[in-house]
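For reference, the structure is listed below as structure tokens.
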Amino acid sequence: MRDAAQDLLAWYDRHARDLPWRVAPAARAARVHPDPYRVWLSEVMLQQTTVAAVKAYFERFTTLWPDVQALAAAPDAQVMGEWAGLGYYARARNLLKCARVVANDLNGQFPDTREDLVKLPGIGPYTSAAIAAIAFDAPEVVVDGNVERVMARLHDIHTPLPAAKPELTRAAAALTPNRRPGDYAQAVMDLGATVCTSKSPACGICPWMARCTARKAGTQSDLPHKTPKKPKPTRHGIAYVAQRADGAWLLERRPDKGLLGGMLGWPGSDWRDTPSPAPPLEADWQDLGTEARHTFTHFHLRLTIQVAQVGMNTQPERGTFHPAGAFRPSDLPTVMRKVFDLARDTLNNGP
DNA sequence: TATGCGTGGTT
DNA sequence: TAACCAAGCAT
């Protein structure tokens with residue numbers, strides 16, 4: 001049987017997706033590698049996030065900040081605002097930290113080894129290997145969720161994740177070639193994303209069909225096994241949306257740590273079983289009557305919404321008024337944008 | 001090793 | 001409709 005890696009690279013040469021962070025096919029054929037800055041930015045955005053969701057953000061970020069020096073010089077609030085909607089906001093905070101280390105301490109050059117890359121904020125085992133392989137063509141073993149799934153099926157490994165991770169990593173290592181390791185890394189991930197998919201894998205068009213153990217056993221759709229997840233509890237909270245007579249909105253910057261850390265949001269109560277009222281200022285608060293519902297990674301949230309129109313000389317106890325002309329709803333994380341969308345109509349039309 | 005951390009699309 | 005899933009990292 002032919003070499004598995006070479007089979008997959010041949011498939012990749014025909015089927016590689018054209019993505020904004022990749023070099024053009026002709027350049028790839030000439031062994032041109034993509035800009036490490038763009039590889040890093042795309043890999044961080046792609047952590048636990050789909051290609052479809054990332055594309056527009058990547059285009060926007062690289063237009064605003066074409067290189068790491070430009071990003072390092074950007075104001076925190078602008079970067080957090082541009083990241084809004086993409087989720088996992090610790091990534092954006094670490095993105096800025098990392099950009100500033102590279103720009104200020106490393107002369108604007110990303111390290112070219114996994115060992116040095118993994119020391120940087122927001123770059124872990126996967127991302128360090130991916131950058132080293134894709135940007136510098138280092139023969140690193142790149143293991144993401146796609147690779148885990150492909151390896152589990154290729155070798156019919158039934159050990160549940162995450163316990164299976166070391167075994168799956170060894171399997172991936174055994175296949176990683178010294179020739180074109182960057183293309184190979186992307187090829188396995190493309191295979192997992194487009195052919196060896198989680199549900200309804202397209203085994204009939206898979207370049208590894210003949211050598212896939214799970215397919216022979218008929219177990220491919222059941223792999224990889226995963227340890228069951230805990231059920232999500234439902235929490236409740238109150239969000240306060242105040243608009244001043246000049247149209248300004250009362251918003252609060254959330255602390256850097258924890259949920260939605262560093263993001264802009266509406267002042268509100270704690271989120272738990274029975275939240276205590278916590279209005280940010282004294283006003284004639286009106287209950288909107290509709291809840292904003294949102295699901296985070298580990299709990300469901302139902303937010304009741306209180307709205308108020310307040311005078312020009314109002315001094316809030318929490319938060320800051322943002323002039324209507326300077327406020328962009330797109331700067332808000334999704335749960336806060338849901339609240340705004342529900343509150344806006346009532347405030348504009350009058351209670 | 002387990003948990004906290006978002007969101008939007010798919011089934 | 002609710003559960004599941006996606007190019008993980010930090011602690």
Side-chain angles (χ1 to χ4, degrees), chain A residues 17 19-22 38-58 80 83-95 97-98 117-131 133-135 140 142-150 160-166 169 172 182 184-194 196-201 221-222 224-235 254-263 265 271 293-301 330 332-338:
Chain A
R17 290 179 290 173
L19 301 172
W21 44 88
R22 290 183 173 169
R38 294 168 64 88
V39 174
W40 163 72
L41 180 60
S42 65
E43 290 299 340
V44 172
M45 287 183 167
L46 286 163
Q47 289 166 5
Q48 295 287 285
T49 309
T50 59
V51 165
V54 164
K55 276 184 179 174
Y57 283 85
F58 180 84
M80 298 311 289
W83 196 276
L86 200 56
Y88 285 139
Y89 298 101
R91 292 185 295 172
R93 302 193 301 273
N94 286 327
L95 190 80
K97 283 187 198 168
C98 182
L117 284 161
V118 80
K119 298 173 186 168
L120 294 167
I123 299 182
Y126 162 75
T127 305
S128 56
I131 296 172
I134 297 169
E140 297 293 347
V142 179
V143 183
D144 73 332
N146 286 305
V147 177
E148 289 175 353
R149 183 172 59 256
V150 170
L161 283 166
K165 178 114 182 163
T169 299
Y184 172 80
Q186 294 173 91
V188 188
M189 293 190 284
D190 266 23
L191 185 73
T194 65
C196 194
T197 50
S198 179
K199 295 181 179 176
S200 306
S221 293
D222 301 323
H225 292 311
K226 297 188 178 179
T227 53
K229 294 170 184 171
K230 292 180 179 178
K232 297 185 205 295
T234 297
R235 298 183 191 169
R254 299 173 64 87
D256 266 346
K257 301 209 173 205
L259 191 66
L260 309 180
M263 298 301 290
W271 295 347
R293 294 188 182 193
H294 191 75
T295 298
F296 293 100
T297 308
H298 51 298
F299 64 95
H300 303 290
L301 179 65
S330 63
L332 298 175
T334 298
V335 61
M336 298 296 175
R337 190 171 46 70
K338 287 182 180 177

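In the text below, chain A, chain B and the rest are named by the order of the sequence lines, each starting its count at 1. Just so you know, these numbers come straight off a predicted model, no measurement behind them. What's counted below: heavy atoms across the whole structure, side chains too, no hydrogens, waters or symmetry copies.
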So what does [X] touch, heavy atoms closer than 4.0 Å: a base, only the sugar-phosphate, or nothing?
| X | answer |
| --- | --- |
| A:W83 | nothing |
| A:G85 | sugar-phosphate |
| A:T297 | base |
| A:L19 | base |
| A:R22 | base |

Worksheet item: Where each residue is assigned the nucleotide of DNA chain B containing its nearest heavy atom, which of A:A52 and A:L86 is assigned the position nearer the 5′ end?
Response: A:L86
Practice prompt. Report the residue (A:A163 or A:A90) whose heavy-atom-nearest nucleotide on DNA chain B is the more 5′ of the two.
Written response: A:A163
For the side chain of [X], starting at C-beta, report the closest nucleotide among [options].
| X | options | value |
| --- | --- | --- |
| A:R91 | B:dT3, B:dG6, B:dG4 | B:dG6 |
| A:P125 | B:dT3, C:dC9, B:dG6 | C:dC9 |
| A:Q47 | B:dG6, C:dG8, B:dC5 | C:dG8 |

Worksheet, complete the sentence: Result for 5'-nearest mapping on DNA chain C, choosing between A:V118 and A:V51, is A:V51
Quick check against the 3.5 Å criterion: does [X] have a side-chain atom that pairs as donor or acceptor with the backbone of [Y]?
| X | Y | value |
| --- | --- | --- |
| A:S128 | A:P125 | yes |
| A:Y57 | A:A84 | yes |
| A:R91 | A:L86 | yes |

Discussion item. Please confirm whether the ring centroid of A:H298 lies under 6.0 Å from the ring centroid of A:F296.
Written reply: no
Write down the distance between [atom1] ([X]) and [atom2] ([N]), rounded to a whole number of angstrom.
| X | N | atom1 | atom2 | result |
| --- | --- | --- | --- | --- |
| A:D256 | B:dG4 | CG | C1' | 16 Å |
| A:M45 | B:dC5 | CE | P | 22 Å |
| A:R293 | B:dG6 | CZ | C1' | 19 Å |
| A:Y57 | B:dG6 | OH | P | 13 Å |
| A:Y89 | B:dT7 | OH | C1' | 7 Å |
| A:W40 | C:dG8 | CH2 | C1' | 16 Å |
| A:F299 | B:dG6 | CZ | C1' | 10 Å |
| A:K230 | B:dT1 | NZ | P | 16 Å |

Worksheet item: Taking the same atom, P, in B:dG6 and in C:dT11, what whole-Å distance lies between them?
Response: 14 Å
Practice prompt. Could you tell me whether the side chain of A:P333 reaches within less than 4.5 Å of the side chain of A:M263, counting heavy atoms only?
Written response: yes
Discussion item. Working note: A:D144 + A:R149, criterion salt bridge (Lys or Arg N to Asp or Glu O under 4.0 Å); need CA distance, chi angles, decisive distance, verdict.
Written reply: CA-CA 9 Å; A:D144 73 332; A:R149 183 172 59 256; over 6 Å; no
Check the phosphate of [N] against [X], side-chain N and O only, distance under 4.0 Å to OP1 or OP2. Yes or no?
| X | N | result |
| --- | --- | --- |
| A:R337 | B:dG8 | yes |
| A:S200 | B:dT11 | no |
| A:H298 | B:dC5 | yes |

Worksheet item: Is it true that atom CZ of A:R17 has more than 12 heavy atoms of other residues, nucleotides or ligands lying nearer than 6.0 Å?
Response: yes
Item to complete: Would you kindly say whether A:R22 and A:S42 are connected by a side-chain donor-acceptor distance under 3.5 Å?
Response: no
Worksheet item: Where along nucleotides 1-6 of chain C does protein come under 4.0 Å, by heavy atom, of base (B) or sugar-phosphate alone (S), with - for untouched nucleotides?
Response: ----SB
